[in-house]
Amino acid sequence: MAKARILPRKFYLDPPDVVARGLLGKLLVREYETGSGARKKIERLSGRIVEVEAYFGLDDPAAHAFAGKTVRNAVLFGPPGFAYVYFIYGMHFCLNFSCEAEGHGAGVLLRALEPVEGLETMARMRGLAPHANPKLLTSGPGRLCQALGIVRETHNGIDVTRADSGLYVENDRHGPVDVAVSRRIGIRKAAERPLRFTIAGNRFVSG
DNA sequence: GGAGCGATGTCCT
DNA sequence: GGACATCGCTCCG
């Protein structure tokens, strides 16, 4: 098995549709310390990215960045390769990565993963039985955040090109993927634009 | 298996 | 005050 590499800053410099396509088939990794003293160890959770959506900034009525820079969406207007985590519907978090050069406000929303490492921990985080249907773990933007323990307070604004962030994307040289394009989900404005990208036929795609 | 709907916090008008 | 890049429950077939 080839050595996995963390996706570098330049990967995120492209427009969001290009970054979105490029993320499909890559591994989203969450690492954190557990235990203390001699029992301290690193736990690793991961999932293969199977569904993403692209959001252009000021040109895209559906994007959080459309109305301009605010305290909430500031990360999107910063440099590429940072996590934008926001709270939605009073209950859920959603994870995005900033892309394009600073000032554009573009981003990619992560909508679904195929769970790879740490399924039992993910089930616990989701409040499910240890061997629950794996599709319930990370199929959906709110679900994948809960499964990986991603919350705004901790993760909004962190650099996802650094291993020590505890949240990053690896290229583990998984084979090429067959990309399907469709309309973005759960939005009202600019809903017709074909900016949702999935791995064709993958059973962990949401919706 | 699908439609309908309530829960619930934060941000912007 | 309303909208919101969601989820899981109920009810009906």
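Throughout, a chain's letter reflects where its sequence line sits, starting with A, and its residues are numbered from 1.
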Contacts of type salt bridge (Lys or Arg N to Asp or Glu O under 4.0 Å), residue A/Glu100, not counting sequence neighbours: none

Is there a donor-acceptor contact under 3.5 Å from the side chain of [X] to the main chain of [Y]?
{"X": "A/Asn73", "Y": "A/His64", "result": "yes"}
{"X": "A/Ser165", "Y": "A/Val160", "result": "no"}
{"X": "A/Arg126", "Y": "A/Leu136", "result": "yes"}
{"X": "A/Lys41", "Y": "A/Ser36", "result": "no"}

Is there any ring-ring contact (aromatic ring centres under 6.0 Å, His included) pair reaching into residues 154-180 of chain A, and which pairs are they, with sequence neighbours excluded? none

Suppose the criterion is ring-ring contact (aromatic ring centres under 6.0 Å, His included): which pairs have a residue in residues 97-120 of chain A, not counting sequence neighbours? A/Tyr12-A/Phe97

Distance (rounded to the nearest 0.5 Å) between [X] [atom1] and [Y] [atom2]:
{"X": "A/Ile49", "Y": "A/Leu110", "atom1": "CD1", "atom2": "CG", "result": "5.0 Å"}
{"X": "A/Leu128", "Y": "A/Leu119", "atom1": "CG", "atom2": "CG", "result": "11.0 Å"}
{"X": "A/Thr154", "Y": "A/Phe93", "atom1": "OG1", "atom2": "CZ", "result": "8.5 Å"}
{"X": "A/Arg48", "Y": "A/Thr138", "atom1": "CZ", "atom2": "OG1", "result": "12.0 Å"}

Sub-4.0 Å heavy-atom contacts from residues 105-113 of chain A onto DNA chain B, ordered by number: none

DNA chain B contacts among residues 11-26 of chain A, heavy-atom distance under 4.0 Å: none

What residues from residues 141-148 of chain A pass a heavy-atom cutoff of under 4.0 Å to DNA chain C? A/Pro141, A/Gly142, A/Arg143

Charged N-O contact under 4.0 Å between A/Glu170 and A/Arg44: yes

Which salt bridge (charged side-chain N to carboxylate O under 4.0 Å, His left out) pairs, counting each pair once, include a residue from [range], with sequence neighbours left out?
{"range": "residues 158-167 of chain A", "result": "A/Arg9-A/Asp159, A/Arg162-A/Asp164"}
{"range": "residues 176-187 of chain A", "result": "A/Asp60-A/Arg184"}
{"range": "residues 49-58 of chain A", "result": "A/Glu51-A/Arg111, A/Glu51-A/Arg196, A/Glu53-A/Arg111"}

Base, backbone or nothing for each nucleotide of nucleotides 7-13 of chain B, written B, S, -, heavy atoms under 4.0 angstrom, 5' to 3'? BBBSSS-

Could you check whether any side-chain heavy atom of A/Phe66 comes within less than 4.5 Å of a side-chain heavy atom of A/Pro61, counting everything from C-beta outward? yes

Mind checking whether A/Phe204 and A/Ile199 have side chains closer than 4.5 Å, heavy atoms only? no

On DNA chain C, compare the nucleotides closest to A/Tyr84 and A/Arg126; which residue's is nearer the 5' end? A/Tyr84

Would you classify A/Arg196 as touching base, sugar-phosphate or nothing, given that sugar-phosphate means primed atoms plus P, OP1 and OP2, and contacts are heavy atoms under 4.0 Å? nothing

What are the bounds, 5' to 3', of the part of DNA chain C that sits under 4.0 Å from heavy atoms of chain A? C/dC4 to C/dG8

Should stems be defined as at least three consecutive Watson-Crick or G-U pairs with both distances under 3.5 angstrom, which of them involve DNA chain C? B:1-7 with C:6-12, B:9-12 with C:1-4

